[in-house]
Amino acid sequence: MDVVLDDAFDFLLRQAGLSLPPGERAELKALYERYLPRLNALHAVDLGDEEVAGIFLPQATPHKPESP
Amino acid sequence: MKALHEFTIREAGQLIKSRALSPVELTRTFLDRILALDHKVKAYVTRLPESALAEARAAEVEVLRGSYRGLLHGIPLAHKDLFDTKGVRTTAQSKVFEHRVPEEDATAVARLRQAGSILLGKLAMYEFAVAGPETSLFEPARNPWNLEHIPGASSSGSGAALAAGLCMGSLGSDTAGSVRSPASYCGVVGLKPTYGRVSRYGMVPLSWSLDHAGPMARTVEDTAILLQAIAGNDPKDPTSSQTPVADYGAALHEDIRGIRVGVPAHYCFAEGTGVDPETRAAVEKAFATLSNLGARVEEVVVPSLELAPVAYNVISMSEAFSYHQRNFQSQPHNYVDQFRKRVYLGALFSANDLVQAQRMRRRISRGFADVLRRVDVVALPTSVRPAPRFEGYDPFATMMGVSLTAPFNLTGLPAISIPCGFSLKGLPIGLQIAGNTFDESTVLRVACAYQRATSWHERRPPIWNTDSLASPAT
């Protein structure tokens, strides 16, 4: 399993504005470490010149402004 | 004549139109069933008997005066408790919203009201539509097929109420399968329309770019009737499409000869996916049925599809954290632990993670677009297995596993779940059919053809018959 250093994890929490009790912090760290292999798999793919999807807009037709 | 709760929306609607059925009588039937059964199923978090009867009386007067509005006039419905209802508490099943009373209806709710439907109450769900059955506000809904099992997530009350005969139709929301999963686990029908087809206005969000509102019912035809009422442009929703709404009933009963059905077996039946043998057998039988009906079933490949769940989780939890950030700081104790932990993950993902997930989303969307140029629909199981038991259920394991529904939230494509069999333990199994953008008509047509050829949707759980059940003391 991937292991995240305590300092690195605390940096992530601070950056997110999260201040957690020790028990909750430990549980979240374990969950994050469990999830890291999936994140690594996501980054392992060469997406070439694929752009971001952003928000999926089925039809980019702007709404007409209301008549005055 | 069969019992009133046995009628489909189509059947009851036609009887109301011909004045052979009273909306008041129909509504009373469901209110009595809720009283008799819901202490076991726990599908309802808010019951509205007085206003429902008042609405039913008003509908009856209108029909008798000749002002019949259509097939939903006088039909008793109930909606997931994240759709805003004017003057009726809407909680998203969280203490955070315990006292929240909206001042207007969600657009989808308003459209169903305009169609003349009756609101029986609000239905249970997972807290803010994520995490697990444990919530901070109400008890979880239970699966009518076996009360020890979960009814699916997150529109749990919608699936449970339909399966137990406690309403005739429902609105659910679907961010990763939350309409289709409870439909699958409870043996009913649930449709996630194309992104932009049904307004999200007035729906408590989980993840703006992945959330969809969708109808649930006991038959495909009833689902189409509900979709017809709620589909269409809404200026209040910035992602609402102006694409014209099709007549979903027009092609519903056409045969499916020549329809091409693609099966992404490389994903849904891959080693490690975890699709259990009973589910696989039931779904493969369903493919054979579609083939016997004249469809051409073939395997298709969508590149990188196995990375859809992680792309989904990064995007959805990042968006969810953004929505909840302020309340996390001011009232963290009002969230259930499972929810908080899961959504906190969204704060730990980096901008680089999110951009990579969005690029993956684009790749998967392009992959489906390519496939759907060669086939008309894609078919696969809805869930990897029938409904698990409450005891020992680990929502984080679900998050770590494969999702067969989330790819259609990432891509925005319409997808439906219909019953296609039962496990040896008597739990329903769902078949998922997805189609091209705004082509709900073909998805519904294939699903309806399958339903006409099979009888899975006609099976009822033992709890359906209330004769032997005593009402709880009130």
Side-chain angles (χ1 to χ4, degrees), chain A, chain B residues 194-197 208-210 233-235 237-243 303-304 306-307 309-311 313-315 317 321 325 328-329 332 337 340-342 344-350 352-366 396-397 399-400 409-413 437-438:
Chain A
M1 193 171 82
D2 293 54
V3 175
V4 180
L5 294 175
D6 279 336
D7 284 351
F9 190 71
D10 288 337
F11 173 77
L12 287 177
L13 289 180
R14 274 199 306 277
Q15 197 175 41
L18 291 174
S19 173
L20 306 180
E24 197 166 358
R25 177 199 171 280
E27 284 176 359
L28 182 62
K29 183 168 182 284
L31 187 64
Y32 183 65
E33 287 172 340
R34 249 174 100 187
Y35 206 74
L36 273 179
R38 285 153 185 83
L39 274 182
N40 293 338
L42 180 67
H43 286 289
V45 179
D46 180 1
L47 286 169
D49 55 2
E50 201 76 64
E51 293 185 16
V52 296
I55 289 180
F56 172 80
L57 288 172
Q59 194 187 40
T61 47
H63 294 288
K64 287 179 186 167
E66 297 282 326
S67 302
Chain B
T194 308
Y195 189 81
R197 178 71 300 168
W208 301 282
S209 74
L210 294 159
N233 180 248
D234 176 17
D237 176 353
T239 62
S240 177
S241 173
Q242 295 188 6
T243 301
S304 303
E306 70 282 1
L307 291 164
V310 59
N313 273 315
V314 171
I315 296 166
M317 291 306 105
F321 183 82
Q325 187 169 14
F328 278 152
Q329 284 163 356
D337 284 353
R340 229 175 30 237
K341 233 181 289 171
R342 183 152 169 188
Y344 280 170
L345 268 186
L348 303 181
F349 297 137
S350 69
N352 188 32
D353 294 337
L354 183 58
V355 169
Q356 183 76 353
Q358 293 287 19
R359 294 174 74 203
M360 182 56 70
R361 183 181 196 175
R362 173 74 78 194
R363 170 167 284 188
I364 292 168
S365 296
R366 280 201 307 110
F396 295 112
M399 185 185 89
M400 299 291 172
N409 297 77
L410 282 175
T411 57
L413 298 171
T437 306
F438 295 111

Is chain B contacted by the side chain of A:Gln15, its backbone, both, or neither, given a heavy-atom distance below 4.5 Å? neither

Heavy atoms only: give me the nearest B:Arg363-A:Val45 pair and the separation to one decimal. NH1-CG1, 3.8 Å

Could you state the interatomic distance from CG (A:Leu18) to CZ (B:Phe328), rounded to the nearest 0.5 Å? 8.0 Å

Proximity breakdown for B:Gln329 and chain A, heavy-atom pairs closer than 4.5 Å: side chain

Measure the CE-CZ distance between B:Met399 and A:Arg34 for me, rounded to the nearest 0.5 Å. 7.0 Å

Can you find a pair of side-chain heavy atoms, one from B:Asn313 and one from A:Tyr35, that are under 4.5 Å apart? yes

Supply the atom-to-atom distance A:Glu24 CD to B:Tyr344 OH, rounded to the nearest 0.5 angstrom. 5.0 Å

Okay, A:Leu12 and chain B: the region with an atom under 4.5 Å from a heavy atom over there is both

For A:Leu28 and B:Lys341, which heavy atoms make the closest approach, and how far apart are they? CD1-O, 3.5 Å

Less than 4.5 Å to any heavy atom of chain A: does that hold for the side chain of B:Pro332, its backbone, both, or neither? neither

Tell me whether B:Gln356 contacts the main-chain N or O of A:Leu42 through its side chain, where contact means a donor paired with an acceptor under 3.5 Å. yes

Heavy-atom pair with the smallest gap, counting every atom of B:Val310 and A:Arg38: CG2-O, 3.6 Å

Side-chain heavy atoms of A:Leu31 within contact of B:Met400, under 4.5 Å: yes

Sequence-distant partners of B:Asn352, side-chain hydrogen bond (donor to acceptor under 3.5 Å, both in side chains), two or more places apart: none

Would you please name every residue forming a side-chain hydrogen bond (donor to acceptor under 3.5 Å, both in side chains) with B:Arg366, sequence neighbours left out? A:Glu50

Are A:Val52 and B:Arg361 packed together at the side-chain level, in the sense that at least one heavy-atom pair is separated by less than 4.5 angstrom? no

